[in-house]
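Keep in mind that this is a model prediction, so the values were computed, not measured. The figures here come from the full heavy-atom set of this structure, side chains too, leaving out hydrogens, waters and symmetry mates.
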Amino acid sequence: MERKFHPVIVFSFSRRECEYHAMSMSKLDFNTKEEKDDVEQVFRNAVLCLNEEDRCLPAIELMLPLLMRGIAVHHSGLLPVIKELVELLFQEGLIKALFATETFAMGLNMPAKTVVFTSVKKWDGDSHRYIGSGEYIQMSGRAGRRGKDERGICIIMVDEQMEMNTLKDMVLGKPAPLVSTFRLSYYSILNLMSRAEGQMTAEHVIRNSFHQFQYEKALPDIGKKVSKLEQEAALLDASGEAEVAEYHKLKLELAQLEKKLMSEITRPERVLYYLDPGRLIKVREGSTDWGWGVVVNVVKRTPAGLGALPARGGGYIVDTLLHCSPGSSENGVRPKPCPPCPGEKGEMHVVPVQLPLISALSKIKVSIPADLRPPEARQSLLLAVQELGTRFPQGLPKLNPVTFCVMLADLVIKRNAIRSERQDMKIEDQEIVELVKQIEEHEKKLFAHPLHKSQDEHQIRSFQRKAEVNHEIQQLKSKMRDSQLQKFRDELKNRSRVLKKFGHIDADGVVQLKGRAACLIDTGDELLVTELMFNGEFELLLSYPICCTYDLVLSIGTFSDLDHHQVAALASCFIPVDKSSEQIQLRTEIAKPLQQLQESARKIAEIQHECKLDVNIDEYVESTVRPFLMDVIYCWSKGATFAEVIQMTDIFEGSIIRSARRLDEFLNQLCAAAQAVGEVNLESKFAAASESLRRGIMFANSLYLHNLFTRLSDLDASQDAIDHASYKFKVEGLPDAPVFPSFQSWGSLPF
């Protein structure tokens with residue numbers, strides 16, 4: 001500020017971090033007394049559009065002191081009125097330091113003199129990664145105001161060592177290419193079937209899609225890449241390839257057998273007894289290998305209310321000390337821990353592990369300190385595990401499911417004290433016994449192989465590279481052979497089978513009553529929503545020849561069995577929303593419908609899987625049914641205040657309001673669908689649910705809409721134009737807005 005670099009936008013990749021940085025500047029003041037008076041007057045006028053009770057919300061009262069000092073926060077979790085007010089004040093130069101997430105750089109024409117990046121890494125849902133070139137250009141492009149600044153200033157705060165090439169790619173790299181994400185949905189298929197005219201069929205749309213165009217355009221480049229890889233494969237050393245291939249095959253077969261064995265051993269009734277504190281277990285999550293960890297405790301995860309999803313592994317969680325990469329998320333906890341990178345020191349943290357993620361159990365147990373809170377105590381266990389790795393260079397001895405010997409390594413107190421005692425898992429299942437025999441035979445062959453003792457590293461690396469190249473060549477050739485159009489045809493055929501099973505279309509592909517309703521629903525899952533509306537008629541569909549192979553009757557208490565408050569709460573499960581970190585506790589009125597909804601979603605996923613669609617049943621249920629705001633919506637629908645409902649969840653206020661407005665749109669779609677099929681009772685119920693939401697701060701007028709009337713008046717617009725704008729407010733169910741006179745400054749703006 002002393003160097004006149006303001007206004008400045010400080011970009012952080014976490015909403016909580018934005019608020020933390022802004023509050024840390026609470027003792028700084030960048031506005032003059034006149035500017036403070038203008039900010040306060042505009043703020044007081046702006047909040048007049050809210051109810052009296054909503055003006056006293058903490059999110060509103062805490063923002064004024066910051067705004068008066070020229071400091072503000074902008075992210076998607078803010079109340080809409082506060083977010084719009086910040087944007088208006090920033091445009092007028094009354095905000096000198098704005099702490100914002102990257103969404104502020106998207107679509108808003110609000111440049112600043114200086115842009116600051118608090119970090120060059122962001123959490124993308126899977127891992128912390130460096131921001132891309134397109135993201136950097138979009139945000140840094142806010143630096144420099146046309147007609148005011150000769151140049152913009154961009155400051156990057158780097159708190160760790162960064163490779164020059166990484167920085168160069170971020171600043172000067174090419175933006176991410178535009179790649180089609182075209183996919184077939186039941187909504188699009190049904191609409192094409194019901195409104196197809198001439199050649200506008202589903203196959204015609206697929207053939208002329210941007211996705212198909214990109215695929216056909218890439219074929220020549222794929223051919224060149226295949227030729228280049230074939231040349232590389234020909235140059236690789238092939239001496240002793242047969243022996244290396246045999247050794248590699250033995251290792252792969254052994255890994256597959258061990259994986260199959262562990263899927264049987266990790267069943268709760270078999271493994272829980274042996275997951276005692278101190279046991280060393282190996283954890284693997286997909287392609288992520290965590291290595292060996294130490295069992296701390298095993299807990300039974302309690303269901304989140306009556307509507308909880310059944311968890312894998314019977315709901316048991318193994319609290320395990322694992323070697324983790326240092327760092328934390330926006331709320332101070334690790335959102336998804338990850339192993340340390342090669343050469344990174346890392347820290348030991350207790351991580352909840354599901355039973356299916358255990359890839360091996362060791363015979364060895366280590367003594368664990370009584371208190372694991374001090375970092376030194378956890379670090380001592382890391383040293384113990386690393387020392388065991390040096391003691392057993394061929395790998396830690398694994399637990400035998402039939403008989404095994406437990407070794408207790410008291411590495412914390414006495415480094416050399418090892419005791420053993422005889423135990424037996426007493427697994428007599430013939431399949432497991434046979435698996436153990438096969439594993440022992442493969443291990444004997446592997447240990448007896450010439451390459452196991454005298455491995456030629458160069459030869460093995462050469463073989464592995466050649467295998468990778470050949471595999472990539474086969475994949476590219478397969479991609480060239482397989483028609484992308486044929487893949488979509490197969491998917492279209494399978495999805496059509498699903499639609500026939502559920503009675504959306506008949507054997508000739510003619511859209512039926514349920515299909516016509518699904519054509520109007522594009523917010524929630526079409527199949528699940530229509531089953532909630534038509535389950536009473538679904539039993540009759542089972543008598544049709546096309547459905548005779550399925551004995552499926554959805555027993556859910558449908559929308560028709562619920563009051564409009566329960567309907568609003570249940571419909572909120574279809575709206576995307578931020579995931580809450582709190583355990584969900586639902587009241588009985590909505591917990592039972594949720595549980596039945598999840599069961600129905602599982603049945604629908606199972607039928608899609610049987611129709612050869614690539615559907616993960618657990619993931620489908622989790623992504624389709626999101627119960628995080630059920631209690632909030634139910635109480636709001638019944639008349640609770642906004643101050644009361646925000647105490648029920650840790651989700652940001654702005655996210656709650658955004659979800660409620662999307663829910664209102666969804667209920668309007670359901671209302672139109674019910675009207676289209678003649679369901680008068682459902683139509684009135686959806687309309688009542690929508691009406692119960694439309695009140696208070698959830699649906700407060702936008703400040704930009706108020707400005708619409710001001711601009712019409714300033715331009716001396718005709719009364720017809722002003723009346724038309726007022727009519728739009730009435731159609732949308734909003735109160736009529738006054739026509740404001742022209743004004744000279746924001747301080748006199750009569751919001």
Side-chain angles (χ1 to χ4, degrees), residues 254-303 308-324 337 339 348-368 372 381 384-385 388-389 392 395-409 411 418-440 442-443 617-618:
L254 181 60
Q256 290 173 355
L257 288 171
E258 288 178 338
K259 183 178 179 181
K260 188 175 180 180
L261 178 65
M262 288 307 301
S263 66
E264 293 294 330
I265 293 178
T266 53
R267 288 166 58 177
E269 62 270 21
R270 288 174 176 161
V271 75
L272 288 179
Y273 178 76
Y274 302 97
L275 291 175
D276 41 348
R279 171 83 60 196
L280 294 184
I281 62 173
K282 200 168 189 179
V283 179
R284 187 177 186 87
E285 183 182 10
S287 59
T288 305
D289 188 0
W290 286 87
W292 292 99
V294 183
V295 174
V296 177
N297 188 27
V298 180
V299 294
K300 172 75 172 179
R301 183 164 57 186
T302 55
L309 288 172
R312 293 188 300 165
Y316 287 95
I317 296 296
V318 184
D319 291 332
T320 310
L321 268 173
L322 292 174
H323 194 195
C324 302
M348 289 293 274
H349 288 284
V350 177
V351 178
V353 176
Q354 293 181 344
L355 292 183
L357 301 184
I358 300 176
S359 62
L361 285 86
S362 175
K363 297 178 181 180
I364 299 176
K365 293 166 57 179
V366 299
S367 296
I368 58 176
L372 288 173
L381 286 174
V385 174
L388 282 170
F392 300 94
L396 300 186
K398 296 179 182 178
L399 182 150
N400 191 313
V402 181
T403 60
F404 69 97
C405 181
V406 174
M407 292 184 292
L408 180 62
L411 295 173
I418 299 180
R419 299 195 307 274
S420 65
E421 54 184 82
R422 196 74 176 172
Q423 291 191 17
D424 192 345
M425 287 188 74
K426 299 180 181 179
I427 297 179
E428 299 177 355
D429 190 304
Q430 190 59 36
E431 183 180 356
I432 294 181
V433 173
E434 186 62 31
L435 278 172
V436 172
K437 290 181 180 178
Q438 292 181 27
I439 290 173
E440 290 175 351
H442 274 73
E443 285 178 340
I617 296 174
D618 290 331

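- Taking both residues in full, the closest heavy atoms of V295 and T320 are given as N-CG2, 4.4 Å, listed atom of the first, atom of the second, then distance.
- Heavy-atom minimum distance, C324 versus W290: SG-CZ3, 3.8 Å.
- Of all non-hydrogen atoms in W292 and L280, the two that sit nearest each other are CZ3-O, 3.7 Å.
- Applying the side-chain contact (heavy atoms from CB on, under 4.5 Å) criterion to P352, with sequence neighbours excluded, gives I317, D319.
- A heavy-atom distance below 4.5 Å is not found between the side chains of V353 and E285.
- Considering every non-hydrogen atom in both L355 and P268, the closest pair reads CD1-CG, 3.8 Å.
- When the side-chain contact (heavy atoms from CB on, under 4.5 Å) test is applied to Q256, no partner is found at least two apart in sequence or on another chain.
- Once rounded to the nearest 0.5 Å, the distance linking CD1 of I364 with CZ of F392 reads 4.0 Å.
- Each of V366, V294, I368 was evaluated against L321; a single residue qualifies, V294, per the side-chain contact (heavy atoms from CB on, under 4.5 Å) test.
- Using a 4.5 Å heavy-atom cutoff, the side chains of L381 and L372 are in contact.
- Between P397 and S362, the closest heavy-atom pair is O-OG, 3.0 Å.
- Closest heavy-atom contact between K363 and R279: O-NH1, 3.5 Å.
- For I439, the side-chain contact (heavy atoms from CB on, under 4.5 Å) partners two or more places apart in sequence, or in a different chain, are L254, L257, E258, L261, E443.
- Here the options are I281, V350, V351, the test is side-chain contact (heavy atoms from CB on, under 4.5 Å), and the partner is L322; only V351 passes.
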Note to self: Pair L275, I358 - check side chain to side chain contact (heavy atoms under 4.5 Å, CB included), show working.
What the structure shows: CA-CA 11 Å; L275 291 175; I358 300 176; 4.3 Å; yes

